[in-house]
Structures are given as C-alpha cells and as structure tokens.
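Here the structure is laid out as structure tokens; the discussion comes afterwards.
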Amino acid sequence: MIDTEAWVLYERSGPIQSALDSDDFRLEKFSFPGPESDELLVEPLFGSWEGNMTHSLQRRPIDICSQRRERRVVIGNGSVLRVLRAGSDVRGIHEGDVGILYGGHVQDEFGYTVLVQGYDAPGTVGVLAKRTKVPARNFLPLPLASNYRLEQWAAFSVRYLTAWSNYRVAIGAYRLQVDAPEDPAPYVLGWGGGSTLAALDLARRAGCRTAMVSGSSERLAELAGLGIVGIDRKRFSDIEFDEARYQRDPEYRAAYRNSERGFLDAVRDWTHGRNAAIVFDYIGAPVFRASVKALARQGVLATAGWLLGMQMTVNRAIECIGRHVHVHSHYIRHGDSPAAMDYAAREGWMPQVSEIYSWEEIGRLARDATAGRLRSYFPVYGVNPI
C-alpha cells in the first residue's frame with residue numbers, strides 16, 4: 001500500500017448535498033494499492049482546478065461517490081506530474097521525468113475518453129494527493145523544446161486539450177459546408193471559461209474573427225489584450241433561459257426576451273448582420289437557446305462538457321433548414337494529445353496563469369470556484385515542491 005496525504009471527498013453523510021457545506025471534503029491521510037507493472041507512481045507538482053471537481057463537490061449533475069460505489073474518493077485530473085517509480089513493464093519513462101496526465105482512464109477502441117481518472121472512473125486516485133498512480137500510457141512527457149512554466153502546463157492539461165479537439169471538429173464541420181475562399185475569416189463566438197478562451201485563441205491564430213461573452217471587466221480587458229473582441233454580458237443580464245419559468249411567468253418571459261434581443265443585436269453588430277459561423281457554448285442549457293439563434297446559416301454549435309444543465313430542447317426543423325451542425329465532444333483522443341502539446345510549445349498557445357493556491361488553501365479554492373469568485377480562467381494549486 002502507498003500512504004499519502006490527500007483532499008478526500010466522502011459519500012454524503014446527511015441531508016446536505018454539497019460537500020462544501022458539510023465535513024465531507026477534508027485533508028487527511030489516504031492509502032491506495034501500489035502501482036501495477038504497467039503503471040507509474042507519481043507526485044503531482046501543480047494541479048488545475050477543473051469544472052468536474054466543482055461538480056463532484058456539489059454532487060451534481062452526478063454524485064461521484066454514489067456512481068463509483070466508493071465511500072471516499074480523491075478527485076482531480078488536470079496536472080503536471082513527476083515520476084517516482086516506473087512499473088517493471090514500463091519502457092522509456094524513468095524516475096524524475098515530468099509530464100502531464102492524460103485523464104482518459106477508460107478509452108474506447110479509437111482512443112476517445114469514456115471515463116476520467118479522478119472523476120467517474122472507479123478505483124482511480126486523482127491528483128488532489130501528494131502521491132498517486134497512473135497508467136504509463138497516460139503519462140505525456142512535456143515537449144523538450146518547452147520554455148513554459150510547469151503551472152502553465154498544469155492549466156493546459158485539460159482545458160487546452162479539450163479545446164484542441166473540439167475546435168478541430170467544429171472548424172472541420174464548417175469547412176465541409178463553406179470553403180475557405182467563400183469565407184476566409186469566419187466569425188467565431190464563445191462563452192464559458194478557460195476552454196472557451198483556448199478554443200477562441202486557436203480560431204484567432206487560424207485567421208478567424210473572434211469574440212467572447214463575459215460579465216467581468218477584468219476578463220474583458222484580458223480578452224482585448226489577446227486580440228479577442230469582448231461582449232459585455234451585463235448588457236443582457238437576464239439571458240439565462242429556464243423553459244418552465246418562461247412558460248408560467250410573464251414578467252420573467254418579458255425580461256428574458258429583452259435580454260435575448262440585446263444579445264442577438266450585439267452579435268449582429270459585431271458580425272455586420274451575418275451571425276456567427278461557429279459558437280463555442282461551454283455553458284449549457286441556460287444559454288443554449290441564445291447560442292443557436294446566434295448561428296449563421298451553415299453554422300456550427302460546438303459544446304464540450306456540461307457546466308450548467310444536461311438537457312436541451314431543439315427545434316429540429318429550424319436547425320435542418322439552417323443546415324446547423326451540432327458538435328459535442330468530451331476531452332481529446334489520446335493520440336491527438338502530443339500534436340496539441342507540440343503546437344502549444346512551438347506557437348505559444350498557452351494559458352496565462354496568475355492565480356496559484358497553496359496545498360493548504362485548496363479548501364478555499366474549492367469554495368471560491370463554487371461561489372464564482374475566481375479571478376482567473378486558469379486557477380492552479382501547488383502540491384509538491386519542484
């Protein structure tokens with residue numbers, strides 16, 4: 001057995017759902033079986049706080065402990081790792097090597113993620129631990145030419161790999177219908193967090209005209225610095241759609257319609273009446289209706305994850321007539337990850353990390369993430385000394 005220290009999430013101990021409102025998430029000793037012959041014993045150096053970690057603590061949309069049928073789990077899947085020991089069957093990876101974790105613990109026959117380490121994959125130990133173990137195949141060494149900080153690679157490991165895959169499918173779908181000579185600089189819109197920003201930065205680098213919705217003045221300024229147009233969400237503050245409330249509450253319905261018109265007017269102003277060729281909607285149900293309406297003909301709606309809401313209603317006829325393509329993706333294919341990492345190291349497609357929590361501050365980080373108090377798109381925490 002391997003003994004370590006970890007932030008541990010327990011199964012629900014009472015009527016309170018969120019682990020942050022009880023004592024069900026705490027720092028303590030944790031033990032797990034030693035690595036198998038094809039696994040690595042590793043120590044995380046930096047971790048990235050991901051949306052699925054907040055979901056796990058809130059126990060929605062799924063209760064991780066219940067789904068995994070485990071009394072306690074260690075979450076976390078975005079990180080930079082250092083190898084402590086390699087199993088007897090492992091080749092080409094040695095003690096002291098540094099890389100990022102490919103979180104797709106269970107993959108399908110084509111290498112796409114099904115279940116994620118430190119989230120919904122049973123029996124896995126996430127990176128909110130001083131030590132953990134990972135399959136050797138899921139250790140991705142950092143590019144030799146990398147001049148970027150380890151905390152940047154930690155933030156890159158989930159959000160940027162997710163964006164790489166989602167963007168490639170979305171732009172490919174658009175180009176199947178509209179050739180580059182017909183629309184050499186497509187309008188690409190997004191709202192969400194770090195993955196959205198990463199996808200838009202890829203689009204910008206490929207010559208697209210990009211914009212992102214945000215209600216934070218600090219983040220709008222950050223977008224301007226990256227060459228991405230910022231659309232202030234405060235101009236349409238009632239944009240979140242609740243279908244049941246929309247049907248029964250006339251006052252809410254009027255406020256929503258007003259905000260939706262304001263949002264669509266802002267998109268049309270930016271696109272000179274064309275609407276967006278691609279919309280990256282990494283939020284979900286509350287803005288799905290507005291996202292679809294913001295699409296141009298032959299437009300692509302691209303989603304990754306389910307930050308808010310898992311069920312959406314769509315008018316199939318309107319989507320068919322508009323020739324809209326809906327792209328849904330989950331993380332990245334294992335074999336595509338090295339290409340994304342090499343591109344990042346070569347071209348500077350990297351997150352800017354300005355917010356690093358200490359190991360002891362992870363409880364505060366969890367509360368800040370849940371309450372929407374994070375100042376950065378890329379919150380990172382330290383685990384072990386470099």
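- Between the side chains of Thr196 and Trp191, not a single donor N or O lies within less than 3.5 Å of an accepting N or O.
- The pair Arg253-Asp249 fails the salt-bridge criterion, with no side-chain N (NZ, NE, NH1 or NH2) lying under 4.0 Å from an Asp/Glu carboxylate O.
- The ring pair (Phe, Tyr, Trp, His ring centres under 6.0 Å) search around Phe378 returns Tyr160, not counting sequence neighbours.
- Between Asp232 and Arg235 no salt bridge is recorded (no basic side-chain N to carboxylate O distance below 4.0 Å).
- Between Arg233 and Glu240 there is a salt bridge, since at least one side-chain N of the basic residue sits less than 4.0 Å from a carboxylate O of the acidic one.
- More than 12 non-hydrogen atoms from other residues, nucleotides or ligands lie less than 6.0 angstrom from CZ of Arg205.
- A donor-acceptor pair shorter than 3.5 Å cannot be found between the side chains of Tyr256 and Arg245.
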Donor-acceptor contacts, no H, no angles, side chain residues 332-352, under 3.5 Å, sequence neighbours left out:
unit_1 : atom_1 : unit_2 : atom_2 : d
His334 : NE2    : Arg137 : O      : 2.6
Ser337 : OG     : His334 : O      : 3.3
Trp349 : NE1    : Ala198 : O      : 3.1

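- Between Arg85 and Glu95 there is no salt bridge, since no side-chain N of the basic residue sits under 4.0 Å from a carboxylate O of the acidic one.
- For Asn384 (side chain) and Lys130 (main-chain N/O), a donor-acceptor pair under 3.5 Å exists by modelled atom type.
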List, one per line, each side-chain donor-acceptor pair under 3.5 Å for residues 110-117, sequence neighbours excluded.
unit_1 : atom_1 : unit_2 : atom_2 : d
Thr113 : OG1    : Tyr102 : OH     : 2.9
Gln117 : NE2    : Val125 : O      : 2.9
Gln117 : NE2    : Lys133 : O      : 3.1

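- Around CD of Glu182, the count of heavy atoms belonging to other residues, nucleotides or ligands within 6.0 Å exceeds 12.
- By the side chain to side chain donor-acceptor pair (under 3.5 Å) test, Tyr187 pairs with Arg209, sequence neighbours left out.
- Asn258 contributes no side-chain N or O that, together with a main-chain N or O of Ala255, makes up a donor-acceptor pair within less than 3.5 Å.
- Summarising the geometry of Thr303 relative to Asn166, their closest heavy-atom pair is O-ND2, 3.1 Å, with the distance given to 0.1 Å.
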Hey, can you pull the donor-acceptor pairs under 3.5 Å for the side chains in residues 33-51, sequence neighbours left out?
unit_1 : atom_1 : unit_2 : atom_2 : d
Ser37  : OG     : Asp89  : OD2    : 2.8
Glu39  : OE1    : Glu36  : N      : 2.7
Glu43  : OE2    : Arg82  : NE     : 2.8
Glu43  : OE2    : Arg82  : NH2    : 2.7
Ser48  : OG     : Glu50  : OE2    : 2.7
Ser48  : OG     : Arg159 : NH1    : 3.1
Trp49  : NE1    : Thr54  : OG1    : 2.9
Glu50  : OE1    : Arg159 : NH1    : 3.2
Glu50  : OE2    : Arg159 : NH1    : 3.1

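- Looking only at atom types and distance, the side chain of Asp238 has no donor-acceptor partner in the side chain of Tyr252 under 3.5 Å away.
- Between Gln17 and Arg60, the side chains place no donor N or O within less than 3.5 Å of an acceptor N or O (distance only, hydrogens not considered).
- A distance of 7.5 Å separates CZ of Arg219 from CE of Met212, quoted to the nearest 0.5 Å.
- When ring centroids are compared, Phe263 and Phe236 come within the 6.0 Å threshold.
- Distance check: Ile228 CD1 to Cys208 SG gives 11.0 Å after rounding to the nearest 0.5 Å.
- Between Arg261 and Asp265, no side-chain nitrogen of the basic residue sits less than 4.0 Å from a carboxylate oxygen of the acidic one, so the salt-bridge criterion is not met.
- Salt bridge present: Arg59 and Asp24 bring a charged side-chain N and a carboxylate O closer than 4.0 Å.
- The environment of CZ in Arg323 is sparse: at most 12 heavy-atom neighbours from other residues, nucleotides or ligands sit within 6.0 Å.
- In terms of the side chain to side chain donor-acceptor pair (under 3.5 Å) criterion, residue partners of Arg72 (sequence neighbours excluded) are, by chain and number, Tyr10, Glu28.
- Residue Asn147 qualifies as open at atom CG: its count of foreign heavy atoms under 6.0 Å is 12 or below.
- Judged purely by atom type and a 3.5 angstrom limit, Tyr331 has no side-chain atom pairing as donor or acceptor with the backbone of Leu161.
- For the side-chain contact (heavy atoms from CB on, under 4.5 Å) with Val292, the lone residue among Leu301, Ile318, Val314 that qualifies is Leu301.
- Panel note: side chain Ser146, backbone Leu142; no donor-acceptor pair is recorded below 3.5 Å.
- With rounding to the nearest 0.5 angstrom, the OG atom of Ser56 is 6.5 Å from the CG atom of Leu9.
- Between Asp63 and Arg68 no salt bridge is recorded (no basic side-chain N to carboxylate O distance below 4.0 Å).
- Around the CZ atom of Arg316, the shell of radius 6.0 Å holds no more than 12 heavy atoms that belong to other residues, nucleotides or ligands.
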